[in-house]
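Notes follow the structure.
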Amino acid sequence: MEISLLTKEDLQEFKIQLLLDIERIFDEKLHSVRSTPKNIDPEWIRSKSVRAFMNISPATLQNLRVTGKVKFKKVLGSYYYNLDDLKKLFENEKG
């Protein structure tokens, strides 16, 4: 069995290499986040986002759902609403 000794210089080189690797990883992640388009509209959005966007109460949103004014899907206990239907609802109210 061979024994290797580490010197302070070895540890300093390791530290520098480790910091450079971490910096490279951060740069790659930052580049991928910046290159992701921000203007992508999801087709379906959750109740909380709909309520915040429309500034309405949970009961009002439930009323829109029950009366069939907006399409929705229930997935694992969460309601998702069709974004196009919400936009049409606004257009109908304007006209």
Side-chain angles (χ1 to χ4, degrees):
M1 173 167 39
E2 185 178 325
I3 297 177
S4 298
L5 296 177
L6 290 175
T7 63
K8 286 184 179 183
E9 289 79 23
D10 293 334
L11 291 174
Q12 187 66 22
E13 283 182 39
F14 176 73
K15 173 183 153 186
I16 291 170
Q17 186 60 46
L18 184 61
L19 289 173
L20 289 173
D21 289 344
I22 291 171
E23 183 179 20
R24 179 186 50 80
I25 291 169
F26 276 129
D27 287 343
E28 288 172 1
K29 293 289 182 186
L30 186 61
H31 177 71
S32 69
V33 167
R34 285 184 179 162
S35 64
T36 302
K38 301 282 189 242
N39 59 353
I40 294 177
D41 287 334
E43 185 177 354
W44 296 90
I45 56 177
R46 293 185 69 167
S47 298
K48 185 175 181 179
S49 299
V50 173
R51 291 192 322 266
F53 173 67
M54 297 178 71
N55 194 25
I56 59 175
S57 69
T60 303
L61 185 55
Q62 180 182 8
N63 186 33
L64 291 173
R65 184 175 68 239
V66 169
T67 58
K69 292 185 179 180
V70 293
K71 290 181 185 173
F72 70 93
K73 291 182 180 182
K74 186 174 181 181
V75 180
L76 298 174
S78 295
Y79 287 98
Y80 293 85
Y81 297 85
N82 186 279
L83 187 60
D84 289 334
D85 276 1
L86 295 171
K87 289 178 182 178
K88 287 176 188 174
L89 184 65
F90 275 112
E91 290 170 7
N92 291 341
E93 292 296 319
K94 289 179 185 176

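Just so it is clear, the values below take in all heavy atoms, side chains as well, and ignore hydrogens, waters and symmetry mates. Index from 1, following the sequence.
- Atoms CD and OH, on E43 and Y80 in that order, are 13.5 Å from each other to the nearest 0.5 Å.
- A 4.5 Å side-chain heavy-atom check between K15 and L18 finds every atom pair outside the cut-off.
- Cluster membership for L83 and F72, using ILVMFWY side-chain heavy atoms within less than 4.5 angstrom, is shared.
- The CE atom of M54 lies 7.5 Å from the CG atom of L61; values are rounded to the nearest 0.5 Å.
- Around CG of D21, the count of heavy atoms belonging to other residues, nucleotides or ligands within 6.0 Å exceeds 12.
- Side-chain atoms of Y79 and Q62, non-hydrogen and from C-beta on, never get closer than 4.5 Å to each other.
- Q17 places none of its side-chain heavy atoms less than 4.5 Å from the side chain of E13.
- A continuous path of Ile, Leu, Val, Met, Phe, Trp and Tyr side chains, each step under 4.5 Å between heavy atoms, connects V70 with I56, placing both in one hydrophobic cluster.
- Remark: Y81 OH to K73 NZ distance equals 14.0 Å, nearest 0.5 Å.
- Defined by atom type and a distance below 3.5 Å, a donor-acceptor pair is missing between the side-chain atoms of T60 and N63.
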Between E23 and L20, does the side-chain contact (heavy atoms from CB on, under 4.5 Å) criterion hold? Intermediate values first, please. CA-CA 5 Å; E23 183 179 20; L20 289 173; 4.0 Å; yes
In sequence, state the C-alpha distance, the side-chain angles, and the governing distance for W44 and N82, and then conclude on side-chain contact (heavy atoms from CB on, under 4.5 Å). CA-CA 5 Å; W44 296 90; N82 186 279; 3.6 Å; yes
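- Minimum heavy-atom separation, S57 to R51: C-CD, 3.7 Å.
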Does V50 form a side-chain contact (heavy atoms from CB on, under 4.5 Å) with L64? I'd like the steps, not just the answer. CA-CA 11 Å; V50 173; L64 291 173; over 6 Å; no
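- Checked by atom type and distance alone, the side chain of D10 pairs as donor or acceptor with a backbone atom of T7 at under 3.5 Å.
- Each of I16 and L6 belongs to its own hydrophobic cluster when Ile, Leu, Val, Met, Phe, Trp and Tyr are linked at side-chain heavy-atom distances under 4.5 angstrom.
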